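Contents: one structure, followed by commentary.
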Amino acid sequence: MNSDRESVEQAKQIFDRILDNRKYAGIIKDDNHLALLLGLADCGGADRILDIGTGTGYLAFALAERFPGACVCGIDIAKRIVEKNNAAALEKGLHNLTFEAFDGLTYPFPEESFDLIVTRYAIHHFPNAADAVAQMNRLLRTGGRVLVSDPLRNETDDSGIIDDFMRVKQDGHIRFYIAEELEGIFAENGFMKEKQIITEMRFPFPQKAAYIELYDKIGDKDRQLYDMVNENGVVWVKHIAVGNTVFVKQ
Ligand SMILES: C[S@@+](CC[C@H](N)C(=O)[O-])C[C@H]1O[C@@H](n2cnc3c(N)ncnc32)[C@H](O)[C@@H]1O
């Protein structure tokens, strides 16, 4: 089992390399999903917005453009992409958008610095989700919101087969959460659920023997949880639910 720091280091090594790779960016880009998140983010006049695990800034750039009166900051452990994003923001004349690299564990901002925190497809990499959510509480003003979007573990996936597949990549994947588990973590840290929209996504695992071995090892019942198929040597997850949830700080 990796320590928190080792997990972050593992994630950093991979994400610094792949984030601006066109194929990877294509897999996680989804214009309909982006539009949905922008709609969910349009709540309560947020002037100061933080995007945690911003990556290429897919959501942060869109937020800065949609809400020109707001200051948007994207943070990530992947230093190279942060530098690239800052150059791109300057080039686009987006003076309300900045990016910062950080250590992946401690958010480097004072109390009540933000009105809205967003995080897309990243919380499953946070080594300690409860600690991250407690820090989000510290960073938000009372009444501030968190919009968290992440694939959900199927509630009958008792052994976490989806996480076994995800960990093959060795990109610091910690785990996907069952919807109620995530809601519990937020509730325990002073948040109330305001809204939730469930979407879905599908993705392939790269052509690799380890994925085929796992696929062959699990039974039909487990494959059906995520509609997994082997298409000519590539294992696909054809259906995984994504929770897009807004929590309000009490
Ligand atoms: C799947 S990508 C999603 C990127 C972006 N949010 C998007 O929707 O395109 C996951 C991101 O989480 C970042 N990440 C991984 N571990 C992290 C951590 N402990 N804290 C913050 N970000 C982290 C990665 O560097 C990567 O940019």
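Because the structure is predicted, anything quoted here is derived from the model rather than measured. No hydrogens, no waters, no symmetry mates; every other heavy atom, side chains included, goes into these values. One-based numbering, in listed order, for ligands and for the atoms of each.
Note: no N/O pair closer than 3.5 Å links I77 and ligand 1 by distance alone. Here's the thing with Y121: none of its N/O atoms is less than 3.5 angstrom from an N/O atom of ligand 1.
Checking side-chain atoms of S113 against main-chain N and O of F109 turns up no donor-acceptor pair under 3.5 Å. D76 contributes a side-chain N or O that, together with a main-chain N or O of G55, makes up a donor-acceptor pair within less than 3.5 Å.
Side chain to side chain, D163 and H124 fail the donor-acceptor criterion of an N or O pair below 3.5 Å.
Nearest protein heavy-atom neighbour of atom 19 (N) of ligand 1: G104 O, 3.0 Å. Scanning the protein heavy atoms around atom 13 (C) of ligand 1, the nearest turns out to be D76 OD2, 3.5 Å. Counting protein heavy atoms only, atom 12 (O) of ligand 1 is closest to A122 CB, 3.7 Å. Atom 8 (O) of ligand 1 has as its closest protein heavy atom R120 NH1, 2.7 Å. Nearest non-hydrogen protein atom to atom 11 (C) of ligand 1 is G53 O, 3.7 Å. When only non-hydrogen protein atoms are considered, atom 1 (C) of ligand 1 lies nearest to Y24 OH, 3.1 Å.
At a heavy-atom distance under 4.0 Å, no atom of T56 approaches ligand 1.
Ligand 1 lies nowhere less than 4.0 angstrom from a heavy atom belonging to L59. The closest approach between P127 and ligand 1 falls below 4.0 Å for a heavy atom of the residue. Heavy atoms of Y107 come nearer than 4.0 angstrom to ligand 1 in no pair at all.
With ligand atoms numbered from 1 in the order given, ligand 1 contributes 27 (O) to contacts under 4.0 Å with heavy atoms of L19. Under a 4.0 Å criterion applied to the non-hydrogen atoms of F126, ligand 1 contributes the atoms 18 (C), 19 (N), 20 (N), 21 (C), 22 (N). Less than 4.0 angstrom separates some heavy atom of Y58 from each of these atoms of ligand 1: 9 (O).
By the neighbour-count criterion of 12 heavy atoms within 6.0 Å, atom CD of E155 is sparsely surrounded, having that number or fewer from other residues, nucleotides or ligands.
Classification of D115 and R145 as a salt-bridged pair fails, no side-chain N sitting under 4.0 Å from a carboxylate O. Under 4.0 Å is where a charged nitrogen must lie from a carboxylate oxygen, and between E231 and K238 at least one such pair does.
Within the 4.5 Å cutoff, side-chain heavy atoms of L50 are placed close to those of L139.
Residues H173 and F176 bring their aromatic ring centres within 6.0 Å. When ring centroids are compared, F61 and F99 come within the 6.0 Å threshold.
Interatomic distance, CG of L140 versus CZ of R48, reported as 8.5 Å (0.5 Å rounding).
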